[in-house]
A.B. asks: 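Before we start, here is the structure in question, set down as structure tokens.
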Amino acid sequence: MPSPRTNAPSTTTGSDALLYLLFGVLGAVMAFGSVAWLTGNLTNTFVGSGTWAPFRVTDALLHPEALWPALSTSMLMVGARVVPGLFTVALVVTTAVLWMRWHAGSKSGLARKADLAPLLDKEIVAEAKSLRPSLGGQESKRGPAR
């Protein structure tokens, strides 16, 4: 028999926020390093010597000049820093917005007014009339037809 789920926090501090933050930072660093390697190689292909460097994320992050020595400093800055930085920021912002929307749902579990609208008298009478037009002039248990 599975154990019942509780609303108790899963960490001793009472929150998983630091764990989520750690995973988010690690994910952003990995994304930035991978995109830096890719865009650095693309920049080297179009502007530099044309050879692709091996996949070394830490070198792409810390020493891009060692991976692509034929690139000028400005091209190296744009290809291995600016473009991947903008892409990573866009990825982080998109992830944060989606996370906020996903967690911004109804916390109470109660139906909203829009959810209840089809169940109200006016909508029930309108549905009945659309299904059986002959009921148009008759009274119902809910009162006179509108």
A.B. asks: Measuring from atom CG of L76 to atom CG of L67, what distance do you get when rounded to the nearest 0.5 angstrom?
C.D. replies: 9.0 Å
A.B. asks: Between atom CD of E65 and atom CE of M77, what is the distance when rounded to the nearest 0.5 Å?
C.D. replies: 10.0 Å
A.B. asks: Check whether T39 reaches the backbone of V83 with its side chain - one donor and one acceptor, N or O, closer than 3.5 Å.
C.D. replies: no
A.B. asks: Side-chain contact test, heavy atoms from C-beta onward, threshold under 4.5 Å: evaluate it for K113 versus L116 and give yes or no.
C.D. replies: no
A.B. asks: Supply the atom-to-atom distance D16 CG to L22 CG, rounded to the nearest 0.5 angstrom.
C.D. replies: 12.0 Å
A.B. asks: Can I get a per-line list of side-chain donor-acceptor pairs under 3.5 Å for residues 52-64, giving both atom names and the distance, sequence neighbours left out?
C.D. replies:
| residue | atom | partner | partner atom | Å |
| --- | --- | --- | --- | --- |
| W52 | NE1 | T45 | OG1 | 2.9 |

A.B. asks: Please give me the minimum heavy-atom distance between W68 and A36, naming the atom from each residue.
C.D. replies: CH2-O, 3.8 Å
A.B. asks: With a 4.5 Å cut-off on side-chain heavy atoms, are T43 and V78 touching?
C.D. replies: no
A.B. asks: Please set out all donor-acceptor pairs under 3.5 angstrom arising from side-chain atoms of residues 90-98, sequence neighbours excluded.
C.D. replies:
| residue | atom | partner | partner atom | Å |
| --- | --- | --- | --- | --- |
| T94 | OG1 | A90 | O | 2.8 |
| T95 | OG1 | L91 | O | 2.8 |

A.B. asks: Mind checking the CG-CE spacing from N44 to M75? Nearest 0.5 Å is all I need.
C.D. replies: 12.0 Å
A.B. asks: Quick one: OH on Y20 to CH2 on W99, what's the gap to the nearest 0.5 Å?
C.D. replies: 5.0 Å
A.B. asks: Give a yes or no on whether the backbone of E127 and the side-chain of S130 come within a donor-acceptor separation of less than 3.5 Å.
C.D. replies: yes
A.B. asks: With the 4.5 Å side-chain cut-off for hydrophobic clustering, are L26 and V89 part of the same group?
C.D. replies: no
A.B. asks: Tell me whether V29 is reachable from F32 by hopping between hydrophobic residues (I, L, V, M, F, W, Y) whose side-chain heavy atoms are closer than 4.5 Å.
C.D. replies: yes
A.B. asks: Output the distance between atom OG1 (T51) and atom CG (N41), rounded to the nearest 0.5 Å.
C.D. replies: 8.0 Å
